[in-house]
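In this text the structure is predicted, and so the values were computed from the model without any measurement. We name chains A, B, ... by the order of the sequence lines, and we start the count at 1 in each one.
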There are 2 protein chains.
Amino acid sequence: MTRTVNERADAVAALAEIFREFGYEGASLSLIGARTGLGKGSLYHFFPGGKEEMAASVLAEIDGWFARAVFAPLREDPDPAAAIRRMFRETDAYFRSGRRVCLVGAFALGDVRDRFAARIATYFAAWRDALADALRRAGRAEGSAAEEAEHVVSAIQGALVMARAVDDPAVFVRALARLEAGLGLAEP
Amino acid sequence: MTRTVNERADAVAALAEIFREFGYEGASLSLIGARTGLGKGSLYHFFPGGKEEMAASVLAEIDGWFARAVFAPLREDPDPAAAIRRMFRETDAYFRSGRRVCLVGAFALGDVRDRFAARIATYFAAWRDALADALRRAGRAEGSAAEEAEHVVSAIQGALVMARAVDDPAVFVRALARLEAGLGLAEP
DNA sequence: GTCTATACTTTGATAGAC
DNA sequence: GTCTATCAAAGTATAGAC
């Protein structure tokens with residue numbers, strides 16, 4: 001039994017890795033079938049909308065994970081500095097210390113930008129705004145918080161690009177450390 | 001006469017825009033034919049290796065442009081601070097103030113990463129090392145110059161990703177200004 | 001050099017048996 | 001739910017006339 005997927009949630013998780021590795025156009029249905037161990041029949045049973053619905057489901061899953069694990073704490077944790085430190089920890093873990101790319105960023109640069117434009121924009125804006133909120137609650141001035149948040153989110157993306165480009169995950173780890181230190185939060 | 005391309009160099013320039021817009025897999029030969037006004041026969045006359053040779057030629061052209069306009073001055077200009085300021089100006093112009101994506105970065109995240117891995121890595125490493133060299137010559141300590149250069153190059157990439165993701169080129173302009181100011185170079 | 005026509009493969013997607 | 005068979009369309013690439 002080479003079956004690796006038993007329900008839709010498993011399928012979405014597997015699809016995420018496949019899209020990360022091969023991109024949207026590069027992930028053919030035959031490749032997806034081989035990787036998930038699911039035939040086309042099963043795939044279209046889970047995702048009647050075909051490949052586009054598969055990718056949309058993956059993006060929704062990513063969005064949901066970040067909303068729960070990162071954005072919500074940034075907005076709601078009574079200790080905003082702790083929430084920001086947690087953001088860096090979760091980000092490092094999620095991106096496997098630079099060995100995993102950001103699918104949303106890859107889609108933003110790639111051929112499917114327009115197809116998922118709304119969801120891509122929402123993901124980045126939500127991250128930036130949640131971080132700005134935490135910075136404000138931690139005592140930053142309005143304008144400074146917004147600018148700093150935009151910088152951190154965009155620099156994280158850049159570190160993922162460069163880590164992958166030069167094939168050195170340490171680039172990402174160094175960037176996270178530098179960004180966190182640059183915010184000058186009190187240690188717990 | 002809808003012909004838009006008269007020689008190989010024109011074809012490479014047109015191909016660069018097409019790959020930027022649609023990605024490698026998304027740029028089909030029929031699309032390329034339609035955009036360049038060249039038939040398949042002409043395309044295979046210019047690029048016997050097919051699409052892969054087209055993309056490789058584009059990457060080589062980009063690499064060459066940056067080497068001449070940015071990397072060489074960073075290494076050779078007797079005034080390293082001026083070369084760094086020039087780097088920011090050229091980068092802003094090249095990426096159309098955030099309206100153009102970096103094809104090398106897009107390839108690094110995308111499905112063709114492995115195919116062009118060597119050239120992608122070289123581009124990023126050359127930029128980082130040339131900038132570190134200029135920073136060193138401008139008086140930075142060894143370790144600080146390398147770290148700062150890595151940060152600037154990766155943050156530029158991230159700003160391009162985010163500008164595209166939220167569809168706001170101003171993100172890129174703000175990032176360049178912040179990075180340049182952060183280097184604390186004397187104004188000319 | 002450039003075009004048209006075409007070979008051959010793979011794509012995403014559907015239908016129907018079980 | 002899952003499989004096999006199959007579809008039409010699009011993919012890259014080649015051949016040959018001009």
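- As rounded to whole Å, 4 Å separates atom P of D:dG1 from atom NE2 of A:H45.
- Considering only residues two or more places apart in sequence or on other chains, A:F107 meets the ring-ring contact (aromatic ring centres under 6.0 Å, His included) condition with A:F116.
- Going from atom CZ of A:F22 over to atom C1' of C:dT11 covers 16 Å, rounded to whole Å.
- Every pair passing side chain to side chain donor-acceptor pair (under 3.5 Å) that includes a residue from residues 47-75 of chain B is listed here, sequence neighbours excluded: B:R8-B:S57, B:E52-B:R115.
- In this structure, NE2 on B:H151 lies 15.0 Å from CZ on B:R128, to the nearest 0.5 angstrom.
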Distance-only criterion, 3.5 Å: show the donor-acceptor pairs between side-chain atoms of residues 153-176 of chain B and protein atoms not counting sequence neighbours.
unit_1: B:R164; atom_1: NH2; unit_2: B:R99; atom_2: O; d: 3.0
unit_1: B:D168; atom_1: OD1; unit_2: B:A170; atom_2: N; d: 3.1
unit_1: B:R174; atom_1: NE; unit_2: A:E150; atom_2: OE2; d: 2.9
unit_1: B:R174; atom_1: NH2; unit_2: A:E150; atom_2: OE1; d: 2.9
unit_1: B:R174; atom_1: NH2; unit_2: A:E150; atom_2: OE2; d: 3.3

Tabulate protein N/O versus nucleotide N/O from nucleotides 12-16 of chain D, keeping only pairs under 3.5 Å, one per line.
unit_1: D:dT12; atom_1: OP1; unit_2: B:K51; atom_2: NZ; d: 2.9
unit_1: D:dT12; atom_1: OP2; unit_2: B:L29; atom_2: N; d: 2.6
unit_1: D:dA13; atom_1: OP2; unit_2: B:Y44; atom_2: OH; d: 2.6
unit_1: D:dA13; atom_1: OP2; unit_2: B:K51; atom_2: N; d: 3.3
unit_1: D:dA13; atom_1: O5'; unit_2: B:Y44; atom_2: OH; d: 3.0

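- By the side chain to side chain donor-acceptor pair (under 3.5 Å) test, A:R136 pairs with A:E142, sequence neighbours left out.
- Taking atom CG of residue A:L43 and atom P of nucleotide C:dT14, one finds them 13 Å apart after rounding to whole Å.
- Rounded to an integer number of Å, the gap from A:F47 CZ to C:dG12 C1' is 15 Å.
- As rounded to whole Å, 20 Å separates atom P of C:dT9 from atom CG of A:L31.
- Legend: residues meeting ring-ring contact (aromatic ring centres under 6.0 Å, His included) with A:F19, ordered by chain and number and at least two apart, are A:Y24.
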